[in-house]
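Here the structure is laid out as structure tokens; the discussion comes afterwards.
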Amino acid sequence: MAYKKKEAPITGITISKEEDFSGWFTELITKADLADVRYNIKGFVVYREWATITIKKMYAKYEKCLEDKGHMPLTMPSLIPESNFFLEAEHVKGFTPEVFWVTEAGSSGKLAERLALRPTSETALYKMYSLWIRSYKDLPFKRYLSCQVWRYEGKSTRPFFRAREFHWIESHNVFATLEEAMNQVKEDMETTYQMLRDESCLPIIFFQRPEWDKFPGAVHTYAADALMGSGKVIQLPSTHLLGQNFAKPFDVKFIDTDGTEKYGYQTCYGPAQSRNYGAMIAYLGDDKGLVLPFDFAPIQVIIIPIIFKGKEKIVLDKADKLYNLFKGKYSVKVDDSDESAGNKFYYWELRGVPIRIEIGPKDITKNQVVVIKRHDGQKFFVKENEIEKFIDNIATNYTKELREKSMIDFESQVEVVYEKDSAIEAINNGKIVCCGFCSIDFDGEPCAEVVEKEVGGFVRGKRVDEEKHEFKTCLICNKPATCTVYIARSY
RNA sequence: GGGAGGGUGGUCUAGCUUGGUAUGAUUCCUGGUUUGGGACCAGGUGGUCGGGGGUUCGAAUCCCCCCUCUCCCA
């Protein structure tokens, strides 16, 4: 360059992810225009365009997956009358402390019955289910809705991860038998693997949550924990076997083939898209900014013409030609703004655009373009007549490469321990602890509290896919172990 | 839930101790010169100092209440 660049303001990420994760994340969402926290209600966050586009793409893929598996979409009101809400005792107990209530309306003042802003939709839907479901022919009854829910969470809110309003899908299903319901739970777990591991490149593992940590009103809860590296986990979607716990109070019944009236068996499943997005950008991002799976990138190919005075037209024409070549296939953009080339590189890297094509006068004389992959920074000089095939190839493999890079070997994160002291050491060393435990029923809760206080992790539950270790005694109380559990620190 | 630190043009920031209507940079806009990894020159726009109350002739500044953000520890 002709001019020596003076110190320019750094508009990109300045905080290292490894050294200061919190600072890095805050800077990422601010500088990449993902969220704006200046909206002045605590825990209520504006999702900016770039995040919204990706979240919509995540929704679309998830919804299609659910529909392919026989779920039909519906839309529910966001207010729930208190009388519905109070029908199932455990559910009320679990959610009441977190409910936002609407108590007044318009100029007429107080409402006769206060209305809950839904924290989840069981109590809204199941009233309707009891009207809609009449016979075994209506079953299985599989539905989902995409919506916002509101929960008055504790004080530490964080954009995408934990807010008082969040965006999710909830699927609610009714079956004739417990076995079918359990199969739905398994299907939900498979769906989670397809969406989060395969599509979002997040390493996850499913645990059956202990009794004291399950969804209020559920028989059992199965939750995906994402392995965020260094032994920390974050809870992602959970699926719940409800049994007949809601069917009875909400009168969800059907006439069976034998002519008798029976209660249905229910399940529900709640993938929170805002949190899935948060986990994905936090896990995949690097010190240059966002890294996104190919299908979730708002712009997939950015073309940057390198413009020199007197040679603008030839370069812009070539950029335009490339644009037209790809526009039907990918989300593609030519950045022909007045910014310097370097600024453009930083800008689009910060926003996680998977493929960058640079085209300048030098390339034109050589009949080539320069191609850079975002996730690993690899740079290629590609002959013009091979460019379409070359980009198609990157597009096809990009998410796969990202996934392979991102998968953590669960076993390598785990340390098998037999006594409390070694558990403490393992947790401090950033490991997930695998140990014997007296019980994940309520009688094991006191031991779990000890784990929380003294070991410094949470009992995540029993592994769903396999239980390989045999332990004689509980890590804490030394009573005979009934199960193997995993303990981890969590976000 | 406990603790700490913040909030001043879009962004970052000086001023606050010791009260007198706000400093600088950057962004943005106009014009010009530029563009292969964070260019430059000139001019211009932009602020109810988070909100409310109090003290005072006078409050960004002192006092009280509230809202909100960030970080750390359960």
Side-chain angles (χ1 to χ4, degrees), chain A residues 1-15 19-33 35-46 48 97-98 152-165 232 287-289 302-316 318-319 334-351 353 356-366 368-372 374 377-382 424 427-428 448-459 489-491:
Chain A
M1 278 207 11
Y3 292 89
K4 186 167 183 257
K5 307 218 177 201
K6 276 210 322 202
E7 269 188 45
I10 309 271
T11 52
I13 305 283
T14 60
I15 298 173
E19 282 168 27
D20 177 7
F21 175 78
S22 287
W24 172 84
F25 189 72
T26 301
E27 205 175 21
L28 176 69
I29 60 168
T30 308
K31 291 194 168 168
D33 285 330
D36 199 324
V37 296
R38 290 175 300 180
Y39 193 81
N40 51 337
I41 306 176
K42 183 171 171 55
F44 288 70
V45 176
V46 177
R48 294 293 303 272
E98 298 187 353
Y152 191 75
E153 298 265 3
K155 118 183 165 165
S156 36
T157 57
R158 193 138 247 281
F160 302 116
F161 281 119
R162 183 174 284 108
R164 288 178 173 175
E165 175 183 55
K232 268 196 164 182
D287 287 353
K288 289 179 173 175
I302 185 73
I303 299 168
I304 300 188
I306 314 288
I307 297 161
F308 284 86
K309 199 167 162 52
K311 296 177 184 166
E312 297 95 339
K313 189 168 181 340
I314 183 166
V315 171
L316 285 170
K318 191 68 81 180
V334 178
D335 184 351
D336 56 359
S337 66
D338 287 339
E339 287 299 322
S340 70
N343 266 337
K344 293 177 189 176
F345 300 162
Y346 288 112
Y347 182 91
W348 295 109
E349 277 170 351
L350 176 62
R351 283 161 182 74
V353 174
R356 179 171 85 232
I357 300 177
E358 300 172 17
I359 172 97
K362 271 190 274 174
D363 301 311
I364 288 173
T365 59
K366 292 183 194 165
Q368 67 173 26
V369 297
V370 181
V371 175
I372 290 98
R374 171 65 180 90
Q378 270 197 72
K379 188 171 185 174
F380 308 91
F381 298 89
V382 184
I424 294 168
I427 290 290
N428 286 337
E449 282 167 11
V450 174
V451 167
E452 240 175 82
K453 285 203 179 70
E454 297 180 22
V455 179
F458 288 87
V459 177
R489 290 181 301 146
S490 69
Y491 280 107

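Chain identifiers are assigned alphabetically (A, B, ...) following the order of the sequence lines, protein sequences preceding nucleic acid strands; residue numbering begins at 1 within each chain. Not measured: the values here are computed from a predicted model.
- Across all strands shown, A/Lys453 has no heavy atoms under 4.0 Å from either base or sugar-phosphate atoms.
- A donor and an acceptor atom never sit less than 3.5 Å apart when one is taken from the side chain of A/Lys344 and the other from the base of B/rG37.
- For B/rC64 and B/rA4, the P atoms lie 16 Å apart once the distance is rounded to whole Å.
- Ranking B/rC71, B/rG38, B/rU11 by closeness to the A/Arg38 side chain, first place goes to B/rU11.
- The side chain of A/Val37 has B/rU70 as its nearest neighbour among B/rU70, B/rG3, B/rU34.
- Put simply, the side chain of A/Thr11 and the base of B/rG38 share a donor and an acceptor less than 3.5 Å apart.
- An OP1 or OP2 oxygen of B/rC69 is reached within less than 4.0 angstrom by a side-chain nitrogen or oxygen of A/Lys42.
- Heavy-atom nearest nucleotides on RNA chain B were determined for A/Pro159 and for A/Gly154, and the one closer to the 5' end corresponds to A/Gly154.
- For the pair A/Asp36 CG and B/rG50 P, the interatomic distance rounds to 18 Å; values are reported in whole Å.
- Base engagement by A/Arg356 is indicated by at least one non-hydrogen atom pair under 4.0 Å involving a base atom.
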Given the rule in the side chain to side chain contact (heavy atoms under 4.5 Å, CB included) test, do A/Ile427 and A/Arg489 qualify, once you have shown the distances and angles that lead to the verdict? CA-CA 7 Å; A/Ile427 290 290; A/Arg489 290 181 301 146; 3.8 Å; yes

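- Side chains of A/Phe25 and A/Arg158 form a contact here, defined as non-hydrogen atoms less than 4.5 Å apart.
- Annotated as anti: B/rU33, whose O4'-C1'-N torsion sits more than 90° from 0.
- Distance check on atom P: B/rG10 versus B/rU27 gives 16 Å, rounded to whole Å.
- The gap from the C1' atom of B/rG7 to that of B/rG50 amounts to 6 Å, rounded to the nearest Å.
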